[in-house]
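Taking it in order: structure first as structure tokens, then the write-up.
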Amino acid sequence: MTTHRERRRDRPEPAVMATGLGQQYNVACTELNQPVNHFIEDVLAQLDRQEQFTSTLKICGNNRLMAVTRVTDEDFLAISHVLKHNSFITDLDLRFNNLTNNGAVHIAKFLQDNCSLFHVNLMGNDIETEGAEHIAKALHRNDSLRSLRMTGNKIGNKGGMFFAAMLQINTSLEELDLGDCDLEDTSIHIAQMLKVNNTLQEIHLSKYEMTDSGVERLCEALQENRTLRYLDLSCNKITRDGVKCLAELLKNNTTLEILDLTSNRMEDEGAMYLAEAIHLYNSSLKALAIVSNNITGQGLKTLAAATKQNKGLEYIYIWGNVLDEDACMAFSDLLYSGRLNASTTDVRPYTVDGRVYLAELFHGLKKHYYWSPTYGIADDPVCNSCLTLLNDDDKF
């Protein structure tokens with residue numbers, strides 16, 4: 001018996017001959033005998049009207065500036081036909097839509113047969129383990145994709161293992177985001193991958209349920225890795241013991257440039273381990289986020305002293321810790337002395353009745369990671385310093 005999926009696969013590709021992207025999409029919908037999604041049509045029409053060239057197609061389900069009908073599995077089929085005829089589109093952003101495992105099958109087939117896409121963002125969809133397996137297997141044959149974001153899809157432990165196995169073979173992917181993917185610390189598989197992978201530069205493992213033992217495995221693997229530049233371990237269960245392992249790694253590692261430990265629980269002892277590594281050994285780390293780690297003035301003061309000595313550390317983010325008088329004085333000194341400036345940290349000093357306090361600034365490594373602002377600069381470097389660091393280094 002022929003399944004619905006097989007019937008879809010056997011259909012002939014539509015002959016897309018229209019000139020504009022919106023027209024091409026309408027033709028594809030007609031050929032596929034499916035209704036037009038007017039949100040997609042409007043986005044493509046806007047892209048047609050843009051005077052400035054762009055290689056990015058953003059069809060985001062969380063767009064607040066226009067009426068949204070979220071992209072479904074069937075919608076992606078029509079989009080894929082447009083992409084096949086417009087290889088100038090290299091970045092595809094489909095975050096926060098209604099793509100499921102069936103949609104992942106279509107995406108996987110497209111990636112297997114197409115080499116024009118460099119960046120794919122599938123954040124916040126409904127893809128599960130089966131869909132993750134299809135996409136991971138597609139990347140065994142795809143040698144063009146540079147960035148894949150799966151954040152917020154419930155792919156589970158098996159899904160995480162599929163991607164870890166894929167990255168032992170794939171030699172093109174430079175960024176992978178598996179944050180908040182309903183995983184329960186599969187760091188052993190990620191660690192095995194990092195030992196042999198020599199192309200991945202950026203990995204996001206936020207909300208990964210990672211504990212200190214998982215960090216220890218990662219650090220052991222990273223002793224042998226010479227390509228990873230950005231390690232995101234935010235929102236995990238890492239304490240001072242895990243941070244001690246990271247500090248030992250930093251004493252020898254010369255490639256890691258960005259370390260995000262936001263929303264863990266390193267406390268003062270963990271901060272002091274990092275301070276020692278930054279002060280005496282490491283000169284390659286450029287950005288450190290330790291937001292919301294239950295660090296008091298004792299730990300922050302030690303980190304401030306290390307930052308003062310280490311001229312390579314350009315960005316440090318500390319908001320959400322215990323900003324007592326010692327902490328406020330230490331970081332106000334860094335700012336007033338010119339060692340840090342307002343664009344490279346997330347606090348600003350002010351004085352009330354002769355005492356120094358710190359106010360929060362909306363600055364960070366990736367403040368616009370999940371959404372874009374309604375007004376202002378979408379990729380403001382002050383709010384997204386990781387982009388500045390990675391892009392600057394790519395120029396050389």
Side-chain angles (χ1 to χ4, degrees), residues 206 230-236 238-240 243 246-247 250 257-279 282 285-371 373 376-377 379-389:
S206 179
Y230 186 171
L231 178 60
D232 176 7
L233 299 178
S234 59
C235 303
N236 279 293
I238 303 169
T239 71
R240 61 187 182 185
V243 175
L246 287 166
L250 289 175
E257 297 176 4
I258 305 172
L259 179 59
D260 191 349
L261 293 171
T262 297
S263 297
N264 282 286
R265 199 172 180 84
M266 71 172 69
E267 302 181 311
D268 287 338
E269 287 189 55
M272 289 177 182
Y273 291 137
L274 286 178
E276 180 191 12
I278 292 167
H279 187 180
N282 185 280
L285 193 69
K286 296 181 179 179
L288 175 64
I290 52 170
V291 173
S292 299
N293 265 274
N294 200 37
I295 307 170
T296 71
Q298 182 183 6
L300 291 170
K301 185 177 179 180
T302 307
L303 266 173
T307 302
K308 188 173 183 178
Q309 297 301 317
N310 185 325
K311 305 303 181 184
L313 187 62
E314 301 174 34
Y315 300 85
I316 184 166
Y317 303 103
I318 65 164
W319 185 260
N321 290 294
V322 183
L323 301 181
D324 55 24
E325 190 169 3
D326 285 343
C328 293
M329 288 298 299
F331 275 84
S332 65
D333 287 346
L334 286 177
L335 286 157
Y336 287 135
S337 69
R339 173 60 188 86
L340 293 177
N341 62 64
S343 65
T344 60
T345 188
D346 58 348
V347 293
R348 181 176 61 190
Y350 66 98
T351 304
V352 176
D353 294 334
R355 178 175 170 181
V356 175
Y357 297 87
L358 295 176
E360 181 185 14
L361 297 175
F362 192 73
H363 299 167
L365 289 174
K366 49 178 187 175
K367 286 292 188 180
H368 297 157
Y369 193 71
Y370 297 99
W371 57 279
I377 305 173
D379 294 327
D380 186 345
V382 173
C383 302
N384 306 276
S385 60
C386 66
L387 298 178
T388 303
L389 287 166

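Here the structure is a predicted model, which is why all the values come from computation and not from measurement.
- Contacts classified as salt bridge (charged side-chain N to carboxylate O under 4.0 Å, His left out) and involving residues 260-275 (residues at least two apart or in different chains) are given here: Arg240-Glu269, Arg265-Glu267.
- In summary, of the residues considered (Leu285, Val243, Asn282, Thr302), a side chain to side chain contact (heavy atoms under 4.5 Å, CB included) with Leu274 occurs for Val243 alone.
- Across all their heavy atoms, Val347 and Leu361 have their closest contact at O-CD1, 3.7 Å.
- Scanning both residues, Val356 and Pro349, for their nearest heavy atoms gives CG1-CB, 4.1 Å.
- Between the CZ atom of Arg339 and the CG atom of Asn310 there is a distance of 6.5 Å, given to the nearest 0.5 Å.
- Taking every heavy atom of both residues into account, Ile238 and Asn264 meet most closely at N-OD1, 3.1 Å.
- Around atom CZ of Arg348, no more than 12 heavy atoms belonging to other residues, nucleotides or ligands sit under 6.0 Å away.
- Rounding to the nearest 0.5 Å places CZ of Phe331 at 4.5 Å from CD1 of Ile316.
- Ser263 is not listed as a side-chain neighbour of Ser234, based on a closest heavy-atom distance of 4.5 Å or more.
- Applying the ring-ring contact (aromatic ring centres under 6.0 Å, His included) criterion to Tyr336, with sequence neighbours excluded, gives no partner residue.
- Note: Thr296 OG1 to Lys301 NZ = 11.0 Å, rounded to the nearest 0.5 Å.
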Solution key, residues 319-329 side-chain donor-acceptor pairs under 3.5 Å, sequence neighbours excluded:
unit_1: Trp319; atom_1: NE1; unit_2: Glu360; atom_2: OE1; d: 3.3
unit_1: Asn321; atom_1: OD1; unit_2: Asn293; atom_2: N; d: 2.8
unit_1: Asn321; atom_1: OD1; unit_2: Asn294; atom_2: N; d: 3.1
unit_1: Asn321; atom_1: OD1; unit_2: Ile295; atom_2: N; d: 3.1
unit_1: Asn321; atom_1: ND2; unit_2: Ile290; atom_2: O; d: 3.0
unit_1: Asn321; atom_1: ND2; unit_2: Ile318; atom_2: O; d: 2.7
unit_1: Asp324; atom_1: OD1; unit_2: Gly297; atom_2: N; d: 3.4
unit_1: Asp324; atom_1: OD1; unit_2: Asp326; atom_2: N; d: 3.3
unit_1: Asp324; atom_1: OD1; unit_2: Ala327; atom_2: N; d: 3.1
unit_1: Asp324; atom_1: OD2; unit_2: Gly297; atom_2: N; d: 3.0

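- For the atom pair OH of Tyr357 and OG1 of Thr351, the computed distance is 9.5 Å after rounding to the nearest 0.5 Å.
- Atoms CG and CG, on Asn341 and Leu334 in that order, are 11.5 Å from each other to the nearest 0.5 Å.
- Residue Met272 holds its CE atom at 14.0 Å from NE2 of His279, rounded to the nearest 0.5 Å.
- Across all their heavy atoms, Ala277 and Leu250 have their closest contact at CB-CB, 4.1 Å.
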* To do: Give the intermediate values and the outcome of side-chain contact (heavy atoms from CB on, under 4.5 Å) for residues Leu365 and Asp232.
  => CA-CA 10 Å; Leu365 289 174; Asp232 176 7; over 6 Å; no

